[in-house]
Every structure is written in C-alpha cells, then in structure tokens.
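Counting starts at 1 for both ligands and their atoms, following the listed order.
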Amino acid sequence: MPAILFSSLTGTTTMVASSWRCLLRIGGGRPSDSAAPTIAIEGDRLSFSLVSKNRATVEILKDCSLRVPSGELWMLLGPNGCGKSTLLQVLAGFLKPTKGSFHVNRPKSFVFQNPDHQVVMPTVEADVAFGLGKFDLALDEVRSRVSKALDAVGMLKYSQRPIQTLSGGQKQRVAIAGALAEESKVLLLDELTTFLDEYDQLGVIEAVKNSVPGNGEVAALWVTHRLEELKHADGAFYMENGCIVMHGDVPSVVDFLKRKQSCYIQHFNL
Ligand SMILES: Nc1ncnc2c1ncn2[C@@H]1O[C@H](COP(=O)(O)OP(=O)(O)OP(=O)(O)O)[C@@H](O)[C@H]1O
C-alpha cells in the first residue's frame, strides 16, 4: 500500500474500507498477459428469476444475449423495471444467472448510481490509489497510474482536494479514475447521471468517453434511461420486460425508438 498517500488513515479505516471496496472493483488481479479477445462482454441467453414470498417464480431476465466489443461504449436502455440493473449485476457477478452463461474481461469494475457510495478515502489522489494497494506496486508506478487515470477523467487538478468538497459528478469521475488506475478492461456503469445536474452529467459522459478510446482495450456498458445520452455510444441494447428486444448502432436504435414512440402516439390518439 502506498504509505505516503494513505498516511492520514488509521488501520481500522483502511481495513473496513478495503473490504467494502471489493464490491466496486471486481476481480482486481493483474490483467492477463494473453491478448485480449475482441469481445469484452458477452452474455448468452441469460435468465434470472426470483422466488417471491408466496413461492411464485418471478422471471426478471429472459434469454438475454449481448456482446460488447473491446474499445466500445454501449448503452443499455429500457423502461423502468425492465431489468437493466439486474442484467448489469449478473454481468458483474453480483447475481448468479438462473440460466445461460457470460464472459466479461477482467479486471472489471462496477460504478454505482449514487456518487456518495463510490468514494471512501479522504482525498481524490488517495481514493484513486486505494485499489492499487493489493498490487504491490512501486510508489512511482502508483503515482503515474493515479495521474494518468485522473487526467483521463479531467480531474488531475483536483488530486489534493478533500473528497467531501467534490460535486456528485466529480465523485463519479474519481470512481471511474479508480477503475482505470487498476487497468480495468470493463466498466459496468449503472445510471451514473441520475443524481447529477446537467453540467456534472456532461463531465461524467466526457470522462467515460475518454476512458473508452476507440481502438483501446477498455469497454463500457452503461445503463441509462436518458435517451439524450445515446448519441455518445457506439451502440445500444433496448430492453422490455426482461428481454433485449433490439440492439444495434445508434442510428438504428434511435430509429427503432422513434417508430415505437409514433406507434404509441397513434395507439392512444395523442
Ligand atoms: N430482489 C428483488 N426482489 C423482487 N423483485 C425484484 C428484485 N430485484 C429486482 N426486482 C424486480 O425486477 C424488475 C427489474 O428490476 P431492475 O432494477 O433490474 O430494473 P431496471 O430496468 O434497472 O429499472 P430502473 O430503470 O427503474 O432502475 C423490477 O420489476 C424489480 O421490481
């Protein structure tokens, strides 16, 4: 653990925060030396069910198949309650699918919706360095990774700032920087902009776009209900009632959604 960065912490704080952070950065082992496959996220006929209190089986995901290539940002769209977050949690490994299989390149990181659930350390720099403690890196390497990651999300000039003075969007960007510092190959992003104002939304979108450079190894799957964010993606999946009913490049998905909207308007004679 980089002692200089964490000198203000007590051992107790570090231990508690460390076990908590395991939830965010999943499988943070060293990246594999083998060449990364072209597909970073792959799900094959994933289903997920729960048994309700009255012992009825509730199907939340039904036969969901998806593929996200390395170097691309894809969005997962759909109405409230259609299963987007559940699918993301299955891909993160938080939930075990009832049927189907999946592969997600590692290390993979999950960034939660609430910015206050992302950050655990007193300063920006310490928070980004936090997950690197397990790698036994030289201090120069830690510093270099932290600076590079903060630069990618546009937060380098805030490196010494106390975390609690940041806006929600800035906290999200610090969380993304933490994942990049660990050289995460996959970012699973759950409705990052829900609690943010317009300015912070744009900052987070820019941060994600910089983190997923076109020909790079990092892929991201972003759950959103904001259609205006679609224009930043390389492609999207559209879900309804637990199923992926459409996927494709952004123009095809936009066209599909416009046609859906106009059918709806005609149906209800609006
Ligand atoms: N633990 C649970 N017990 C019972 N039902 C659940 C549970 N988790 C999710 N659900 C149900 O599964 C469905 C899908 O939930 P999920 O949160 O994945 O949807 P979502 O598309 O992400 O919704 P939103 O856009 O509102 O966040 C919802 O109907 C939800 O109520």
Practice problem: Could you tell me whether R226 and E191 make a salt bridge, using a distance below 4.0 angstrom between a side-chain N and a carboxylate O? | Solution: no

Self-check item: Heteroatom distance test (G78, ligand 1): nitrogen or oxygen, under 3.5 angstrom
Solution: no

Quiz item: Given that the side chain starts at C-beta and the backbone is N, CA, C, O, which of these parts of E191 lies under 4.0 Å from ligand 1, counting heavy atoms, or is it both or neither?
Solution: side chain

Quiz item: At a non-hydrogen distance cut-off of under 4.0 Å, which region of T86 contacts ligand 1 (side chain, backbone, both, or neither)?
Solution: both

Practice problem: Do me a favour and list the nearest non-hydrogen protein atom to atom 14 (C) of ligand 1 with residue, atom name and distance? | Solution: G81 O, 3.3 Å

Quiz item: Taking atom types as modelled, is there a side-chain donor on D255 or S252 under 3.5 Å from an acceptor on the other?
Solution: no

Quiz item: Among protein heavy atoms, which sits nearest to atom 9 (C) of ligand 1, and what does the distance come to when rounded to 0.1 Å?
Solution: I60 CD1, 4.0 Å

Quiz item: Between H103 and N105, does any side-chain donor sit less than 3.5 Å from a side-chain acceptor?
Solution: yes

Practice problem: Drop me the distance from E72's CD to S70's OG, to the nearest 0.5 angstrom. | Solution: 9.0 Å

Quiz item: P79 near ligand 1, heavy-atom distance under 4.0 Å?
Solution: yes

Practice problem: Please write down residue, atom name and distance for the protein heavy atom closest to atom 19 (O) of ligand 1. | Solution: G83 N, 3.3 Å

Self-check item: Atom indices of ligand 1, in the order listed, that fall short of 4.0 Å to a heavy atom of K84
Solution: 18 (O), 19 (O), 20 (P), 21 (O), 22 (O), 23 (O), 24 (P), 25 (O)

Practice problem: Report the relative orientation of the aromatic rings in F94 and F110; use parallel for angles under 30°, tilted for 30 to 60°, perpendicular for over 60°. | Solution: tilted

Quiz item: Among protein heavy atoms, which lies nearest atom 17 (O) of ligand 1, and at what distance?
Solution: S85 CB, 3.8 Å

Quiz item: Does K62 come within less than 4.0 Å of E59, counting only side-chain N to carboxylate O?
Solution: no

Show which side-chain atoms of residues 235-243 pair as donor or acceptor with protein atoms under 3.5 Å away, not counting sequence neighbours.
unit_1 : atom_1 : unit_2 : atom_2 : d
Y238   : OH     : E240   : OE2    : 3.1
E240   : OE2    : K260   : NZ     : 2.6

Quiz item: OG of S167 to CZ of R173: how many Å apart, nearest 0.5 Å?
Solution: 7.0 Å

Practice problem: Establish whether atom 31 (O) of ligand 1 and some protein heavy atom are separated by less than 4.0 angstrom. | Solution: no

Self-check item: Close N or O approach (L50, ligand 1; < 3.5 Å)
Solution: no

Quiz prompt | Protein heavy atom at shortest distance from atom 26 (O) of ligand 1 | solution = N80 ND2, 2.9 Å

